[in-house]
Amino acid sequence: MELTGKNIIGSTLSNESHAPFFGEDPATGNRIEPAFYEASEREINEAIQKADEAFPLYRNKTGKERAAFLEAIAEELLALDHQLILRAMEESGLPEARLTGERGRTAGQLRLFAQLLREGSWVDARIDRADPERRPLPKPDIRSMQKALGPVGVFGASNFPLAFSVAGGDTVAALAAGCPVVFKAHPAHPGTCELAGRAIQSAAIRTHMPEGTFSMVQGKSTAVGLAIVRHPLIKAIGFTGSFAGGRALLDEANKRPEPIPVYAEMGSSNPVFILPRILKEKGEKIARDLSASVTLGVGQFCTNPGLVFTEQSGQEQAFRERLSRHVTELSAGVMLSSGIRNNYHRGLEKVSALEGVTVLAKGKQEGAGYRGTPSLLHATAAAFLQQHELEEEVFGPSTLVLTAGNKDELLQAARRLRGHLTATIHGTEEDLAEYAQLVSILEQKVGRVLINGYPTGVEVCAAMVHGGPYPATTDGRSSSVGTLAIHRFTRPVCYQDFPQSLLPEELKEENPLGIWRLVNGERKNN
């Protein structure tokens, strides 16, 4: 497939702009051909108008029809084979094995949602039958289910050019729910986005989806994204990126005459708590594995552990020395862009300058391109309790070890945490019994709690929660990974005293789809 640099407007390709920009190879700093063109106001409006026109048709496609569409997207992505992987490597600096795995995860997530649609119970059908004999008033027939919101604007992430991008979690969740998508391509990998976008376009044509079910617009300026958020026909936003970017979109959405939900994942420091007994028993292994988790993907996962809490002891001092040794042996890696590299270095400088913070170790700094050097910093939990800035995410291959004087101070630091995506506890059976209160605290702070593991890497499955309280996300009640994400883009609709002929198939008395439903308070599939 030859790259065109054009915007995808429904089933057509379009370029009305005279504002070209280029992708950039972060390993060399060289620009990558061809030129891409920022979407014009007319192109953005046309994409959204087509999405709105497609909505009444697309929302009424059966679950099986939408499932076939999602499966076709997976097939089209895989059919791009090496072209997609090589372009993503060039634009992101990520290795082939990582991107091949990411493509597999993306295809797997599409198929997982297709499975959800074929089974059908996700609509949460509820039926309370009429009781005309009830006194003092008869009971009406009440039925409800989840229905699609409308056209959705989705923004691609920089750190996952496939899995959190064009065909990623927000897009597949919206399409599964019955919502057309207008996607804003990430300017760091415009060619990768075009290839994936045209795969979706081909799948839509192949499976006879309505014109406008999917569109994608390019743009390096903030104007393109803001135009999507401000457009009155857009009914929800999905975003993965920085706190500043997510907060700006949320504020714009709330300024609209009709505010809309913004599901923004905005960053997280993912605290890790290492309890005393396990530190004594497995300190060397934890130090080795933790350094690998911190620097995985050059620290550019939203789940890299950026805070590590320990308690003061002889073992704790030895643990920091081991961790320092491992970090010193690591080399600087290529980061995704010059902007991310520069922000990482600024973040390190800001944290290092705070009172009580010392730099324990730095990795090797050799190599060309936009490289981030692994770094290990240290402060006390007391300093953390006094300085809120120590909790801020530094997006890159670094972590901050915070030493508490005792158990009470450790728990106090946990209570002081703001919202994060994950929290991890390392402990023996005795540790976990003694610190059971820590689990209760962390349940209020994050979307996912791990025991004796590492948060980097997110399993795509029905039970996964990839979200968390503010400021990790703008709405901690949802997930951006796994099938829970479908409910970001739906709302419940209730039908009272409807004749059977007018009811959706999911709510008809005979249950023609054979799905599980809540009938008079009892879960049934007949």
Side-chain angles (χ1 to χ4, degrees), residues 269-296 298-299 304-332 344 347-365 372-387 389-394 396-414 416-417 420 422-428 431 434-435 438 450 452-456:
S269 296
N270 306 299
V272 175
F273 292 81
I274 307 174
L275 303 182
R277 292 180 185 87
I278 202 165
L279 190 64
K280 183 177 180 179
E281 292 182 12
K282 298 183 176 180
E284 171 58 38
K285 184 177 188 307
I286 292 173
R288 182 181 66 249
D289 295 345
L290 179 63
S291 65
S293 179
V294 168
T295 57
L296 184 67
V298 201
N304 286 83
L307 298 172
V308 179
F309 291 90
T310 60
E311 279 186 38
Q312 191 171 20
S313 67
Q315 289 79 27
E316 194 274 339
Q317 176 66 36
F319 168 74
R320 276 187 274 139
E321 291 172 358
R322 293 185 186 111
L323 191 56
S324 296
R325 185 177 70 250
H326 286 298
V327 169
T328 302
E329 293 169 353
L330 296 167
S331 297
Y344 171 60
L348 279 178
E349 290 171 2
K350 178 181 176 181
V351 173
S352 301
L354 293 173
E355 186 176 350
V357 176
T358 57
V359 178
L360 296 182
K362 279 188 171 291
K364 302 168 187 175
Q365 301 184 40
T373 305
S375 300
L376 177 66
L377 297 84
H378 177 258
T380 63
F384 174 80
L385 291 167
Q386 295 298 317
Q387 300 180 90
E389 298 92 337
L390 288 175
E391 192 176 355
E392 293 177 5
E393 179 188 38
V394 178
S398 74
T399 197
L400 171 65
V401 177
L402 296 159
T403 305
N406 51 47
K407 175 184 175 183
D408 288 343
E409 190 172 59
L410 188 78
L411 295 176
Q412 187 180 359
R416 157 70 177 69
L417 289 167
H420 294 274
T422 75
T424 302
I425 304 171
H426 283 266
T428 64
D431 281 327
E434 182 181 346
Y435 287 76
L438 183 58
L450 299 85
N452 293 336
Y454 297 91
T456 39

State whether the side chain of [X] and the backbone N or O of [Y] hold a donor-acceptor pair below 3.5 Å, judged by distance alone.
X: H378; Y: T358; value: no
X: N452; Y: G427; value: yes
X: S375; Y: T373; value: yes
X: Y454; Y: T424; value: no
X: N304; Y: S293; value: yes

Is the shortest heavy-atom distance from the side chain of [X] to the side chain of [Y] under 4.5 Å?
X: L290; Y: P305; answer: yes
X: L275; Y: L438; answer: yes
X: L417; Y: F384; answer: yes
X: V294; Y: P374; answer: no
X: E316; Y: V401; answer: yes
X: K362; Y: L348; answer: yes
X: H426; Y: K282; answer: no

To the nearest 0.5 Å, how far apart are [atom1] in [X] and [atom2] in [Y]?
X: T380; Y: Q386; atom1: OG1; atom2: CD; answer: 9.0 Å
X: I425; Y: L450; atom1: CD1; atom2: CG; answer: 9.5 Å
X: T403; Y: E409; atom1: OG1; atom2: CD; answer: 9.5 Å
X: H326; Y: R322; atom1: NE2; atom2: CZ; answer: 8.5 Å
X: L279; Y: I274; atom1: CG; atom2: CD1; answer: 6.0 Å
X: L390; Y: L400; atom1: CG; atom2: CG; answer: 6.0 Å

E329 CD: over 12 foreign heavy atoms closer than 6.0 Å: yes
Count the heavy atoms belonging to other residues, nucleotides or ligands that lie under 6.0 Å from CD of Q387, then report whether that count exceeds 12. yes
Please identify each residue that fulfils ring-ring contact (aromatic ring centres under 6.0 Å, His included) with F273, with sequence neighbours left out. F309
Which residues satisfy the ring-ring contact (aromatic ring centres under 6.0 Å, His included) test with F319, sequence neighbours excluded? none
Among K407, R277, K280, which one satisfies salt bridge (charged side-chain N to carboxylate O under 4.0 Å, His left out) with D431? R277
Any side-chain donor near an acceptor of the partner, E281 and T428, under 3.5 Å: no
Residues at least two apart in sequence or cross-chain that pass salt bridge (charged side-chain N to carboxylate O under 4.0 Å, His left out) with R416, listed by chain then number, are E391
Which atom of [X] lies closest to which atom of [Y], heavy atoms considered:
X: S269; Y: H420; result: N-ND1, 3.0 Å
X: T328; Y: A361; result: OG1-CB, 3.6 Å
X: P455; Y: T422; result: CB-OG1, 3.3 Å
X: Q312; Y: G405; result: OE1-CA, 4.1 Å

Charged N to carboxylate O under 4.0 angstrom, R325 versus E284? yes
